[in-house]
Amino acid sequence: MTTKKPNFIIEFDGKEYSEEEQCFLIGRFIMCLMRMSAKQDSEKFKTKKEQQIYTKNFIDFSSKALQDIRKQLK
């Protein structure tokens with residue numbers, strides 16, 4: 001596994017997307033990355049229950065943070 005942080009460039013196909021649709025799609029992409037990160041980080045815990053609790057807390061926190069950012073941008 002590499003320690004280099006990935007760079008993402010998000011490009012939309014030739015279709016016309018509204019700004020709201022673009023924000024929604026980018027938000028969903030970010031949520032997928034956060035879930036993957038939480039799952040990977042949770043593997044350091046020994047029991048499945050600890051892993052599930054960590055993953056749930058991480059995702060809940062991340063979701064709230066994204067909602068707060070979305071509110072501030074409006």
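This is a predicted model, so every value here is computed, not measured.
One finds the OG1 atom of Thr55 at 9.0 Å from the CD atom of Glu43 (value rounded to the nearest 0.5 Å). For the atom pair Ser42 OG and Gln40 CD, the distance stands at 9.0 Å (nearest 0.5 Å). Taking NZ of Lys48 as the start and CD of Gln51 as the end, the distance is 5.0 Å to the nearest 0.5 Å. Once rounded to the nearest 0.5 Å, the distance linking CG of Asn57 with CD of Gln52 reads 12.0 Å. One distance of note links OG of Ser63 with CD1 of Ile30; it measures 11.5 Å at 0.5 Å rounding.
Ion pairing of Lys64 with Asp60 is absent here, as no side-chain N (NZ or NE/NH1/NH2) approaches a carboxylate O to less than 4.0 Å.
Within the 3.5 Å criterion, the main-chain N or O of Ser18 finds a donor-acceptor partner in the side chain of Glu21.
Summarising the local packing, NZ of Lys49 is surrounded by 12 or fewer heavy atoms from other residues, nucleotides or ligands at distances under 6.0 Å.
Taking hydrophobic clusters as Ile, Leu, Val, Met, Phe, Trp and Tyr residues chained together by side-chain heavy-atom distances below 4.5 Å, Tyr17 shares a cluster with Ile26. Taking hydrophobic clusters as Ile, Leu, Val, Met, Phe, Trp and Tyr residues chained together by side-chain heavy-atom distances below 4.5 Å, Phe45 does not share a cluster with Phe61. Note: the hydrophobic cluster containing Phe24 also contains Met34 (ILVMFWY, side chain heavy atoms under 4.5 Å, direct or indirect links).
A pairwise comparison of heavy atoms in Ile59 and Ala38 identifies CG1-CB, 4.4 Å as the closest pair.
Both the sub-6.0 Å distance and the 45° axial angle are not jointly satisfied by Lys39 relative to the ring of Phe58.
In this view, Phe29 and Phe8 satisfy the ring pair (Phe, Tyr, Trp, His ring centres under 6.0 Å) rule, not counting sequence neighbours.
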